[in-house]
Every structure is written in C-alpha cells, then in structure tokens.
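Read the structure below first, then the notes.
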Amino acid sequence: MISEKEAESIAECFRYVDQVGLQINALLDDVGNLLPEMMSTLTKEFRCVGKTLISSRYCDSGWVYSDESRSVPIRRKRTGKLKADYYICFQVSTVGDGINFPNNSVPLLHVGCFKWPVSFKPGEEYYVGYPLEDEVSFDGGRLARWRDLEVNSDEWLFSLKLCSLKDIADLKKYVVEPSLKLLAGCEVAEALPDEWLGQVLLRQGKQY
Amino acid sequence: MLHAIKNNKTSLYKRYQLLSKGDSEESKAYDEERKKCQEDEITSTVFGPLDFVPASVAYGFWRKLLECVGKSVVLPLENPNKIEMTFWGRIFPRDRNISSIEPDLLVRMIFPNEKIFLLIVEMKWMAELNPKNQLQLQWRHGLELIDHDSALHLFIAPNISEGKVAIDDCGDVWDGRLVLIPWSIVRSLLEDLRKTESVLSRWAECVDVFLHKVGISSFTGFQGPKEAFKFSAKRCYQVEKKS
C-alpha cells in the first residue's frame, strides 16, 4: 500500500500533466496564428487556404493525450486550385512512437510540410512516428525529406525538443520562421543553423 | 454570470471550453451542437459590460486592444462624447436583392467634432465563417453606413487563419483595415488591465478568469514539476504541523 504522501503525489502528477497540456495547446494555437501572420513577409509564393485542422491522440491506455497537432492548409499562389497543395503541420508528441527514436526520451515538437494534414483517426492515420519510412533522405542530419521530382513534390520534417521553447519569441524564431524559410526554398544550413538549441538530429552527421 | 464563473459558483462555462476532443464521431456531433449558440453568448458575456460604462472608459479599452495589434493610430486621440454598442445589429444593403447582414457588434463612436468612427466586430469561437465570404459582405455593406477611412473591421477568433484567407481571397478589399485579433491577445490585454487602477480592472479580472477557464492562453513556456512539488511539500508540512 502506498503512503498518504505518495498518494498525494499522484494527484500532483495529474495536475502537472494538466498544466503541461494547457501550455501545449497554447503553443500550438500560437504557432497556428503566427504562421499566416508571418507568411506574407517570408514567402510570396504560398498562401493559407482554409481553417487550421486539429487532430489528437490518447496514449494506449486512453488516460492522457500522447499527441496533439495543428495542420495549416496552404497552396501556391499561382495555381488556380482551391484545395491545398501542402499542410504545414505542428505535432507535439509527449510519449509513444512520436518520440521513440534512438537517444531520445524527451517530448518533441515536429514541424513538417506534408501532402496531407496530420490525422490520428483510425484508418486514416498520417502522423510523425518513428521509425520514419525507408524512402526518406536526410539533409544536414536534421531535416528529413521526401522528394519526388516526377510529381514535383517536396515534403520535409524537422523536430525540436519541446521544452527548449520558452515563449512566443522562440516560437517565431525556431518554429515558424524556419518552416517558412524552408517553404521559400532556403538551404537547411540557413533555415536551421547549427547553433540552435533544441534541434533534434534525426540522423548523425552533416550532409549539406 | 462573470462573477459566478470567477467564484466557481457555476460550471456553465464548460460548454465553451476549447479543448480538443480527439477524432471520435461522438465528439464531433457534440461540438456541432454546441457551436450554434456559444458565439453569441460569449460575445455578450465578454463585451456586454462595456455597454454600461462611460464612453471614455470603453474607448480606452478599444484603443488599447488596437494598440496591441499596431492599429490604434487610425483612431482619434481625443475621447468620444458617446459610444453606441449594437449587438447583432442588422445592416440592410442598398441592393434589396441582397439579404441583410448581422455583425456580432457595431461600435459607433461619436466625437466632439461630430465625426463618427465605426468598428465592425465579428467574433468566432469554434464555428467557421458562414457564408465563406461573411467578412467581405460585412465590410462591403458596412461601408454603406460610413466612409472607408472612418471604419475598422475586427475579426476576433481563437485562430485567425480564416481572416487571412479572406484577405488573400479578395486581394484585400479592406486595404489594411481588417484587423485580425486572436483571443489570446484579448486575454493578454485583460491580464495587464486587471493590474491597473482602471475602472475596467474588475471587469478585466472576471473576463480574464473566464477566458482562462475556457482554454484561451498564450504560450509562456514549460516549468518543471519541482515548483508544484515544492508547493505540495510545504502544504503537507503545514497540515502535519497543525495535526
């Protein structure tokens, strides 16, 4: 049997998880608002085309959220299409296959440009989970890339240690700005500089 | 209602909580049902009290809000003599074939030189713009009431991307006068206002608590559990000491 103090710590842990969850929601809502705001100044080629999509997932036991995401639909300005070309996706993973890769044991924020929005809906799953698919290549060790020149498709992903982010200024500098720079065609070395804290090396070694 | 929410005397606010509910069909149906009425209730709960305060006080709030998004320069510096707030006021377009429009709030400010300034305010909570060109219609027909230079259009939403899409879709008919304001910015302003000696500080406190309870907040970083456990240890010690 556990002591009264240990039992109290259970309540404390749940309260703590609740507080962390609120910060995760605030972080994702803020990046969802910053992206359209900063888009027009950092890339002239793309524009937002619809409402931000939300998807989330519980951990296997169903007790707490393991992943929470926002996907912002965008398309090239010059195309006359109404549907999105890509989605800029922000996925926070705190436990499970969203963080399970060698040498990592901390919560991550995944920032990706994908053909589909992140979805955890059974049967329609499309999310960042490890191990990554085999066809992936790595740029600078920190940008996972799926390029298909035949269909002019370029999907990418970089990840940050969630708790390295401290405030909205960090969200602008380390999350939104690099994603828009990559969208505008910047090199990885410029969009995701070496010295940045919180960068996750998806593969060891530089390959610029 | 704001006092009841602040003092934990009601749980009615839970119907407005902006929490993701996963992807289950059940939760989606629930969300659709509650979206219908919540926006008008929130508009009234949050901004209704501004209808009861002197014009200079209400003007101070709108100026500060626009300051937060860098748009206060378009407002006159002097206080208005009068502010008329019309909730869900209907605007009937000159073209009779077009049905009337109903912005959530019209704030008509009348200044000593008889100049009038109009804020057209549309608020969103979880529902989407309906019809898709709702903002364009509001601006186009709102300008039948007043000239372009004496009006601003405010879009307040948890996520402002719909407003950005509206601007991109029509080549910015607003010419920079559609102001996109996330609810988190409104809350940041209220957090500041509640610390002041302003007439609005009590209102700001109540609305700040309400917005916090329904899930509006800005990212301020993560804290380790140590702080929480330190607090807990202190409290345990006090309880033990008493016994």
Side-chain angles (χ1 to χ4, degrees), chain A residues 4-5 8-9 11-13 15-17 19-37 39-40 46-52 54-58 62 65 68-70 72-75 77 82 107 119-122 124 162-171, chain B residues 17-25 27-28 31 69-70 124 126-129 132 157-169 171-172 180-185 187-188 212-213 215-233 235-237 239-240 243:
Chain A
E4 183 80 6
K5 273 189 181 173
E8 274 188 17
S9 73
E12 298 287 3
C13 288
R15 268 201 293 277
Y16 181 62
V17 168
Q19 289 305 310
V20 170
L22 285 176
Q23 281 300 314
I24 290 171
N25 275 342
L27 179 153
L28 289 169
D29 290 342
D30 282 340
V31 291
N33 280 323
L34 288 168
L35 187 88
E37 199 182 300
M39 190 167 238
S40 45
F46 287 90
R47 50 165 292 198
C48 296
V49 283
K51 204 175 178 184
T52 302
I54 300 175
S55 189
S56 51
R57 173 172 68 157
Y58 290 108
Y65 282 112
E68 177 80 39
S69 72
R70 304 285 186 276
V72 184
I74 58 165
R75 75 170 150 86
K77 280 183 179 172
L82 288 175
S119 174
F120 297 104
K121 192 175 179 181
E124 295 175 13
L162 182 70
C163 298
S164 68
L165 299 162
K166 299 184 299 294
D167 52 27
I168 291 184
D170 277 359
L171 300 185
Chain B
Q17 280 177 328
L18 287 171
L19 301 176
S20 51
K21 293 271 177 190
D23 284 325
S24 75
E25 290 305 317
S27 68
K28 275 186 180 168
D31 283 346
V69 287
K124 286 290 167 199
M126 286 194 214
E128 296 181 10
L129 287 168
K132 285 279 177 205
N159 185 289
I160 55 163
S161 60
E162 274 195 306
K164 191 75 176 67
V165 171
I167 293 171
D168 287 342
D169 273 352
D172 196 4
L180 309 178
I181 306 175
W183 275 104
S184 55
I185 295 275
R187 189 167 167 225
S188 299
H212 167 70
K213 286 191 173 189
I216 297 292
S217 55
S218 282
F219 177 62
T220 52
F222 297 96
Q223 285 188 326
K226 274 186 185 170
E227 282 304 307
F229 288 129
K230 204 159 68 181
F231 172 72
S232 147
R235 203 181 53 205
C236 290
Y237 171 71
V239 170
E240 279 171 8
S243 60

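Chain letters run A, B, ... following the sequence lines, proteins first and then strands; every chain starts at 1. Small disclaimer: the values here were computed from a predicted structure and weren't measured.
- Between A:L165 and B:F219, the closest side-chain pair of non-hydrogen atoms falls below 4.5 Å.
- Salt bridge present: B:D169 and A:R47 bring a charged side-chain N and a carboxylate O closer than 4.0 Å.
- Considering only heavy-atom pairs separated by less than 4.5 Å from chain B, the leading option among A:L28, A:I168, A:L162, A:I24 is A:L162.
- For B:Q223 against A:Y16, the heavy-atom pair with the smallest separation is O-OH, 2.5 Å.
- In terms of modelled atom types and a separation under 3.5 Å, the side chain of A:Q23 and the main chain of B:F222 share no donor-acceptor contact.
- For the pair A:C48 and B:V165, the tightest heavy-atom approach, listed with the atom from each and the gap, is O-CG2, 3.5 Å.
- Atoms OG1 and CG, on B:T220 and A:D167 in that order, are 9.0 Å from each other to the nearest 0.5 Å.
- Of all non-hydrogen atoms in A:K51 and B:S161, the two that sit nearest each other are CA-OG, 4.1 Å.
- A:N33 places a side-chain N or O within 3.5 Å of a backbone atom of B:P158 that can act as its donor or acceptor partner.
- Side-chain contact between B:S218 and A:D30 is present, with at least one heavy-atom pair separated by less than 4.5 Å.
- Rounded to the nearest 0.5 angstrom, A:S40 OG and B:D168 CG are separated by 7.5 Å.
- Distance check: B:I160 CD1 to A:L35 CG gives 10.0 Å after rounding to the nearest 0.5 Å.
- Residues B:L180 and A:E37 fail the side-chain proximity criterion, which asks for heavy atoms closer than 4.5 Å.
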